[in-house]
There are 2 protein chains.
Amino acid sequence: MRKQGLPSLQGEPSGEALSRKPMTARELARMLGVSQSAVSRAFTPGASIAADLRERILKYAAEVDYQPNAIASMLSKSRTNIIGIVVSDMQNPFYPGLIEKLSRSLQRIGLQSLLFNITKGSNLEEQLSALRRYNVDAVIVISATILSGSTLSWATEGRPAILINRVIEDTNLSCVACNNAEGARALADHFYQQGARRVAYVAGLSHTTTNRERQNGFVTRIAELGMTLSAQIEGQEYSYYAGRKAALEIAAKKSTDAIFFANDILAIGGIDALREEVGCRVPDDIFVAGFDDIPMAGWPHYNLTTFRQPVDEIVRVVVEMIEGDTSALLRAATIIRLSGELVARRSTGAEPKAQ
Amino acid sequence: MRKQGLPSLQGEPSGEALSRKPMTARELARMLGVSQSAVSRAFTPGASIAADLRERILKYAAEVDYQPNAIASMLSKSRTNIIGIVVSDMQNPFYPGLIEKLSRSLQRIGLQSLLFNITKGSNLEEQLSALRRYNVDAVIVISATILSGSTLSWATEGRPAILINRVIEDTNLSCVACNNAEGARALADHFYQQGARRVAYVAGLSHTTTNRERQNGFVTRIAELGMTLSAQIEGQEYSYYAGRKAALEIAAKKSTDAIFFANDILAIGGIDALREEVGCRVPDDIFVAGFDDIPMAGWPHYNLTTFRQPVDEIVRVVVEMIEGDTSALLRAATIIRLSGELVARRSTGAEPKAQ
DNA sequence: CGCCATGTTGCATACGGATGCAAATTAGTT
DNA sequence: AACTAATTTGCATCCGTATGCAACATGGCG
């Protein structure tokens, strides 16, 4: 039986374990009999330092658990390795997935994500002023529709900013977005192929670029194909309940073969409402399609035809832009459109491919 | 036709607008003929400075758009106003909502959230080492089940750490969690009241504290009530598809009146599978309940009885702990249990209350 | 009017690491 | 061996703000 002594009070150096100050490069240097610069260089890839010295320092640093203080480093390099991520809506399941992939990709190249969760009502400038005070290296704005272009320009002044899924031209803001018009047209074509002729569009937030592009693309293509636009619901928000409401309005008129909802959450609400409130069968009585391809769209219950946003590619492109010459971004805003992919599922009568 | 001149090179003051260095306190001070300390004090609430001087400085600062450099401030105060938020799963809809509320509450008291998105496979210590280098003021860990207690202790050494929905005793880690056992018992009682006698449990990630507590609470209460535990499925994950699979296993045996799924996502998968794969009616043939009360649980299609986690209260408590005397947290880890609320809906035959 | 309490202000330095520059060491060349 | 080139190293200083301390100003009071 092992003797289990009480933790002796004098054994521990007066509770230092709790919050002792972390070691500094100078201390470490003194212990090794080298200069503080040497320590700094040991931790700086490509710095001018002999391989054996570097090794000795790093080895000792690992032993005593020294890590360079990132804050001090930020100050002297005036580079934070922090990317500001501006979000205003994490309710739409599309965004958490995007944010997750984004922050992981950034982490992989040594960048951390500082979250700015913008709330509608309150003072936006105040919330964003932290973006400037914290000296983030770049800003990624994820579909924050409540921010005006000028507010964003102000908040990101002097550092590269990339909007995801929102396009503002004639500013210093770069944009990476899904080709919404292309997707909407593809869905129109798909409706046509599946035999629908009288189709409806349900808008999300009407004034957003995503909505407008999807709407225009769809409506235009519909006309080209000679199909009838039997209804068009203007939207207030991208939500499940808005989708339900819109679906019921459309169903009441009984003149629609297929509904294109501006995104998947709307469409899913629509499907539920059609099936449950008006006993309408999807796809037998009416087709439904959405946009995004959130995980739920693939669930057997919904089996929603949709246009998949190229999330991985969006993330890749954004990270590359940030990793690359960011000063180029400052000089000239770039707008990049990425192609998505039609995912035909049962909600439009398509036979889902084998998994 | 509008004449569209080339952007004149000499017209712009040599591109300064692009990335000019922000002004410093010293510069501002010199322009006003005061000392740099005065500027610093003007921006420090409660600092020793005359009201009129402060006003003059702030006014001028606003005019020339000066803002104190947060990085420099962090260095000298050794306080970052940054809270590290460790997450490993943003797929479960419960977490984005939590993160959103959390980060907003923190923002409201001047704290920003630095996201640490932990990935399973890779080197966890390396991912977490940034927590230490960045000198975050505190760490909030959101149900990161893939991190061991010792890894967490190491990563957060010297700064307060709060786990949400995960309880580890005998460490320096504080915990704020829903009273899972209470919730599970409440659901058992509810099943009983609704007339179920043969009940099943579907686990989430088996080894997590949330799962174990819900499981124990449920199973124990079942026994007390004299009900039969007709099945118990061990789980690999908290996912929709795992829920479907488990539900089918249970339905195959035809000996169960009610299923308690370890969380809502599982339950929702379960409901879909029961209805679609085996033509089982919910609630007519079988009851289903979940845990969390994610938004989808309230959707008419699912109408899922569940136990609502007190998200707002969790957030409030966590923020209070951080806002308050954090050194107290370092001295003695606190474990707080918060009560949730049974939300009886139609999936257990309860009539949903009017909204 | 003189003295002390209170309130303001500036000076100097600290925070911890990065880096230009010069000194010192090593390698390479003839 | 002598000398130049290349590599290492340390010194000193800078990054921009916060703050202890001393100097100074103001006000109250006897």
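Just so we're clear, the structure is a prediction, and the values are computed from it rather than from any experiment. Here is the naming used below: chain letters follow the sequence lines, and residue numbers restart at 1 for every chain.
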Residues B:Asn135, B:Met74; criterion side chain to side chain contact (heavy atoms under 4.5 Å, CB included); working and verdict: CA-CA 9 Å; B:Asn135 275 331; B:Met74 290 177 201; over 6 Å; no
Tell me, do A:Asn117 and A:Met90 make a side-chain contact under 4.5 Å, heavy atoms counted? yes
Just how far, in rounded Å, is P of D:dT17 from CG of B:Asn81? 15 Å
Distance in angstrom units between B:Leu75 CG and C:dG17 P, rounded: 9 Å
Report the residues that fulfil salt bridge (charged side-chain N to carboxylate O under 4.0 Å, His left out) with A:Glu27, sequence neighbours left out, ordered by chain and then residue number. none
Residues that B:Glu55 engages under salt bridge (charged side-chain N to carboxylate O under 4.0 Å, His left out), provided they are two or more places apart: none
Would you jot down, in residue-number order, the residues of residues 65-74 of chain B having a non-hydrogen atom under 4.0 Å from DNA chain C? none
May I ask you to test the B:Leu173-B:Ser153 pair for a side-chain heavy-atom distance under 4.5 Å? yes
One would report the end-axis bend of the helix from C:dC1-D:dG30 to C:dT30-D:dA1, five pairs per end and rounded to 10 degrees, as 40°
Can you tell me how far P of D:dT17 sits from CZ of A:Arg133, to the nearest Å? 12 Å
Separation of D:dC14 C1' from A:Arg79 CZ (nearest whole Å): 19 Å
For A:Glu126, side chain to side chain contact (heavy atoms under 4.5 Å, CB included) partners two or more places apart: A:Asn123
May I ask you to say what B:Ser40 touches in the nucleic acid, namely base, sugar-phosphate or nothing, with a heavy-atom cut-off under 4.0 Å? base
Could you check how far CZ of A:Arg26 sits from C1' of D:dG10, rounded to whole Å? 12 Å
Check salt bridge (charged side-chain N to carboxylate O under 4.0 Å, His left out) between A:Arg79 and all other residues, then give those that pass, not counting sequence neighbours. A:Asp137
B:Thr334: side chain to side chain contact (heavy atoms under 4.5 Å, CB included) partners, not counting sequence neighbours: B:Ser174, B:Met321, B:Leu329, B:Ile336
Heteroatom pairs (N/O) under 3.5 angstrom, protein to nucleotides 8-11 of chain C:
from	atom 1	to	atom 2	distance (Å)
C:dT9	OP2	B:Ala50	N	2.8
C:dG10	OP2	B:Ser35	N	3.2
C:dG10	OP2	B:Ser35	OG	2.9
C:dG10	N7	B:Arg41	NH1	3.1
C:dG10	O6	B:Arg41	NH2	2.7
C:dC11	N4	B:Ser37	OG	2.8

Grab the NZ-P distance between B:Lys77 and D:dG16 for me, whole Å please. 18 Å
Measure from CG on B:Leu28 to P on D:dG16 and round the result to the nearest Å. 13 Å
Taking atom CD as the centre, does A:Glu63 end up with more than 12 heavy-atom neighbours from other residues, nucleotides or ligands that are less than 6.0 angstrom away? yes
Mind listing the N/O atom pairs, protein and nucleotides 26-28 of chain C, below 3.5 Å?
none

Could you grab the distance from atom OG1 of B:Thr156 to atom CD1 of B:Ile140, nearest 0.5 Å is fine? 12.5 Å
Among residues at least two apart in sequence or on other chains, which ones pass salt bridge (charged side-chain N to carboxylate O under 4.0 Å, His left out) with B:Glu323? none
Is the backbone N or O of B:Ala138 less than 3.5 Å from a side-chain atom of B:Arg159, with the two atoms forming a donor-acceptor pair by type? no
Separation of A:Arg30 atom CZ from C:dG17 atom P, in whole Å? 13 Å
Mind jotting down which residue pairs meet the ring-ring contact (aromatic ring centres under 6.0 Å, His included) criterion with at least one end in residues 125-166 of chain B? Sequence neighbours excluded, please. none
Residues at least two apart in sequence or cross-chain that pass side chain to side chain contact (heavy atoms under 4.5 Å, CB included) with B:Gln91, listed by chain then number, are A:Glu100, A:Pro295, B:Asp89
